[in-house]
Amino acid sequence: MNIKIAPSMLSADFANLERDLKEVEKNGADYLHVDIMDGHFVPNITMGPDQVAQLRKAVNIPFDVHLMITEPLKYIDRFADAGADIITVHVESDGDIQACLDAIVKKGVRPGLVVSPDTPLAVIEPYLDQLRMILIMCVYPGFGGQSYIPASTEKIRACRKMIGNRNIDLQVDGGINFNTLKEVVEAGANVIVSGSCLFKGDMKENIGQFRKIIQR
Ligand code: DX5
Ligand code: ZN
């Protein structure tokens, strides 16, 4: 299976974002994972669509925008216009999930749904045929650098089974590092988000190490 690597910008140096994003771009990452937090859905704040639009101009790599915001529908058009290539919305967020998916598709962006650790997979089942990506959170959303929740592995396995032969990427986010990577890939994940592990030290070496582990 073709495994994609998506470094999470949350762990970049925000005083040197262009430099760090260029590192992501030139060292063989597949996507840039962009965490959007509103201080309400999660107890942390990152950035809005205007900042994303500026960053999108600085690098040429697909932007995978993970919306951790209470009212995603209000902002989907603006993140799409900012240059998002993929937008994922939490099923736990307020409002009409179907309307969010419709809004994303209407903008020509790839739609996805996210499930937090306590949310059962059954919640996304009705939307399966419309999705291009499912994101399974392996930590409680809000902060980088947390430890992988072991129960996530079974959920990833169940999700891969649920996807069947549909063309849906299975993304994992939170606590993925040199020790946990193998387990999530074996369980069926094919898009790997990693922040604190990939941004610590040398990005090129770290991505190389990820690829080695994946191939083993
Ligand atoms: C957490 C974010 C993640 C975060 C992952 O809410 O969604 O994308 O950056 O960070 P690590 O890889 O450090 O767990
Ligand atoms: Zn994320």
Side-chain angles (χ1 to χ4, degrees), residues 1-37 42 44-69 78-89 104 109-112 114 132-139 141-146 148 169-182 184-185 189-215:
M1 195 188 287
N2 180 19
I3 309 281
K4 298 185 181 84
I5 296 177
S8 168
M9 211 181 95
L10 195 59
S11 291
D13 175 353
F14 272 55
N16 289 288
L17 275 182
E18 183 171 13
R19 180 201 69 192
D20 278 11
L21 266 49
K22 287 207 150 81
E23 281 293 304
V24 170
E25 180 188 28
K26 74 169 195 236
N27 289 314
D30 298 282
Y31 302 141
L32 177 73
H33 184 79
V34 183
D35 286 307
I36 305 298
M37 308 182 183
V42 288
N44 200 1
I45 300 176
T46 54
M47 67 177 86
D50 294 342
Q51 290 75 45
V52 173
Q54 288 176 342
L55 294 168
R56 189 71 185 82
K57 284 185 217 144
V59 283
N60 188 17
I61 181 169
F63 272 34
D64 161 36
V65 176
H66 173 194
L67 295 183
M68 285 163 274
I69 62 180
R78 292 191 56 201
F79 281 106
D81 292 341
D85 297 274
I86 302 163
I87 295 180
T88 58
V89 168
I104 297 170
V109 174
R110 277 182 271 166
V114 193
R132 298 287 301 277
M133 173 109 91
I134 295 171
L135 168 50
I136 296 196
M137 289 308 296
C138 304
V139 299
F143 299 92
Q146 303 180 74
Y148 180 81
D169 283 321
L170 176 44
Q171 183 177 46
V172 286
D173 183 9
I176 312 297
N177 55 38
F178 304 126
N179 299 319
T180 52
L181 176 60
K182 182 94 185 140
V184 295
V185 170
N190 74 303
V191 180
I192 311 297
V193 176
S194 178
S196 48
C197 179
L198 289 181
F199 276 95
K200 190 174 169 199
D202 187 74
M203 174 73 63
K204 188 175 181 192
E205 272 173 30
N206 293 339
I207 290 182
Q209 186 65 23
F210 263 37
R211 299 256 182 235
K212 256 192 219 153
I213 293 171
I214 288 162
Q215 275 154 22

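Side-chain atoms are counted along with the backbone in the values below, which use heavy atoms only and exclude waters and symmetry mates.
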[X] versus [Y]: any side-chain heavy-atom pair under 4.5 Å?
X    : Y    : result
H66  : V34  : no
F14  : M9   : yes
Y31  : V193 : no
Q171 : I134 : no
P141 : V139 : no
V172 : V191 : no
L21  : L32  : yes
V65  : I36  : yes

* Taking atom NZ of K182 as the centre, does the number of heavy atoms from other residues, nucleotides or ligands within less than 6.0 Å exceed 12? -> yes
* T88 (side chain) donor-acceptor with G112 (main chain) under 3.5 angstrom -> no
* Counting N and O atoms only, with roles assigned by atom type, does the side chain of R211 sit under 3.5 Å from a partner on the main chain of I5, one being a donor and the other an acceptor? -> no
Any carboxylate oxygen within less than 4.0 angstrom of a Lys/Arg side-chain nitrogen, looking at [X] and [Y]?
X    : Y   : result
K22  : E18 : yes
R19  : D13 : yes
R132 : D64 : no
R56  : D85 : yes

* To do: Could you check E205 against N27 for side-chain hydrogen bond (donor to acceptor under 3.5 Å, both in side chains), going step by step and ending with a plain yes or no?
  => CA-CA 9 Å; E205 272 173 30; N27 289 314; over 6 Å; no
What is the minimum heavy-atom distance between [X] and [Y], and which atoms define it?
X    : Y    : value
A12  : L17  : CB-CD2, 3.8 Å
F210 : I176 : CZ-O, 4.1 Å
Y148 : G175 : CB-O, 3.5 Å

Using atom types as modelled, flag every donor-acceptor pair under 3.5 Å from a side chain in residues 46-55 to any protein atom, sequence neighbours excluded.
unit_1, atom_1, unit_2, atom_2, d
T46, OG1, D35, O, 2.7
T46, OG1, M37, N, 2.9
D50, OD1, R78, NH2, 3.4
Q51, OE1, G48, N, 2.8

* Asked: To the nearest 0.5 Å, what is the distance between CD1 (I86) and CG (L135)?
  -> 10.5 Å
